[in-house]
Amino acid sequence: MKLLYSDFQFVFDFKENTRNLLVVEHPGMFCQIVKELSVDDKGDGTGFVLSENEVPIRKKDHLLCIVNPLAVSLNERKLLGKLMDVLKRNIVSSELLLENNQILSELENYAMHIVQDVDWELTYADKIDVQGLLKFLGIQFFDGQESLLEKIVDYLKAVSELLEIKCFVFVHLLSYLTEYEVEKLYEYVQYHKIHILLLESRQPDIVKMFTKVIIIDKDACEIQLNM
């Protein structure tokens, strides 16, 4: 998988064990790049092209830009929707289906008894499905008091497995993690074949840990560091 930007010469090749860093010192260009990485690619003029085997692929389906690492949440709508799909498939393809049907039948009988015990004419949902039961149970991801690194790793695992997104761009991640934590993050993504690109507005002190470094300086000139 490769990522290029039409206004510059750089190409990030997301191969195994690569560590890619893009430093954009020009404020206006930094803002533009973050904006274009964050929007869906549907003919809106974005200069980024994501490709696999030299064939362009939809960025929105394969790449996710995380502007604020502190705000990542496992319980965002897309992830919860996919989680519900997985749980429903597990229920209907296992011995849980019988138990599920028994519970639904008991709930329907319970609702019938409730409305029969009053003088008003009432209605109720007489056909509760698996989706309704799961929603009633309030099943969601556990969101405990983890470290930021643990939170990011859990998020990468969920998104890569449920949404099948394997390429991530992190904005200013090095402002939040220590060098040790960055190493641990790379250990995880390399083992699970997840690709990340770090986007920063200044050259970090730990620049030597990256295999490819592209700098867009304050004059919007492109520089590649030989690491």
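In this text the structure is predicted, and so the values were computed from the model without any measurement.
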Pair Q32-E36, side-chain donor/acceptor within less than 3.5 Å: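 Note: Q32 and E36 side chains meet the donor-acceptor criterion.
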Distance-only side-chain donor-acceptor flag, S73 / E76, under 3.5 Å: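 Checked: S73/E76 side chains show no N/O donor-acceptor pair below 3.5 Å.
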Kindly work out whether a path of hydrophobic side-chain contacts (I/L/V/M/F/W/Y, heavy atoms less than 4.5 Å apart) joins [X] to [Y].
{"X": "Y186", "Y": "Y180", "answer": "no"}
{"X": "L197", "Y": "L4", "answer": "no"}
{"X": "V86", "Y": "L137", "answer": "yes"}
{"X": "F136", "Y": "I139", "answer": "yes"}
{"X": "L162", "Y": "F142", "answer": "no"}

Under-4.0 Å salt bridge between E183 and R19: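 The answer is yes: the pair qualifies as a salt bridge.
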So, do [X] and [Y] sit near enough that their side-chain heavy atoms are less than 4.5 Å apart?
{"X": "H192", "Y": "K157", "value": "no"}
{"X": "K212", "Y": "F12", "value": "yes"}
{"X": "I66", "Y": "Y155", "value": "yes"}
{"X": "V159", "Y": "L79", "value": "yes"}
{"X": "I33", "Y": "C31", "value": "no"}
{"X": "L3", "Y": "V11", "value": "no"}
{"X": "C65", "Y": "V171", "value": "yes"}
{"X": "F141", "Y": "L80", "value": "yes"}

Check: F30 ring centre within less than 6.0 Å of H172 ring centre: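 They qualify: ring centres under 6.0 Å apart.
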F8 and F10 aromatic ring geometry - parallel, tilted or perpendicular at 30°/60° bounds: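 Plane angle under 30°, so parallel.
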Aromatic plane relationship, F48 with Y5 - under 30° parallel, 30 to 60° tilted, over 60° perpendicular: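 Y5 and F48: tilted rings.
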Nearest-0.5 Å distance that lies between atom CD1 in I216 and atom CG in L22: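 Reported value, rounded in 0.5 Å steps: 6.0 Å.
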Interatomic distance, D205 atom CG to L174 atom CG [nearest 0.5 angstrom]: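 With rounding to 0.5 Å, CG (D205) is 10.0 Å from CG (L174).
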Under 3.5 Å, is there a donor-acceptor pair between the side chain of [X] and the main chain of [Y]?
{"X": "E200", "Y": "L173", "result": "yes"}
{"X": "E187", "Y": "K184", "result": "no"}
{"X": "E99", "Y": "L96", "result": "no"}
{"X": "E222", "Y": "Q9", "result": "yes"}
{"X": "S93", "Y": "R89", "result": "yes"}
{"X": "N68", "Y": "L70", "result": "yes"}
{"X": "T18", "Y": "F14", "result": "no"}

Chi angles and distances behind the salt bridge (Lys or Arg N to Asp or Glu O under 4.0 Å) call for E161, K82: CA-CA 10 Å; E161 292 180 3; K82 288 293 184 179; over 6 Å; no
From CA spacing to verdict: side chain to side chain contact (heavy atoms under 4.5 Å, CB included), K166, H62: CA-CA 6 Å; K166 294 290 186 179; H62 300 277; over 6 Å; no
From CA spacing to verdict: side-chain hydrogen bond (donor to acceptor under 3.5 Å, both in side chains), S105, E108: CA-CA 5 Å; S105 178; E108 290 170 11; 5.4 Å; no
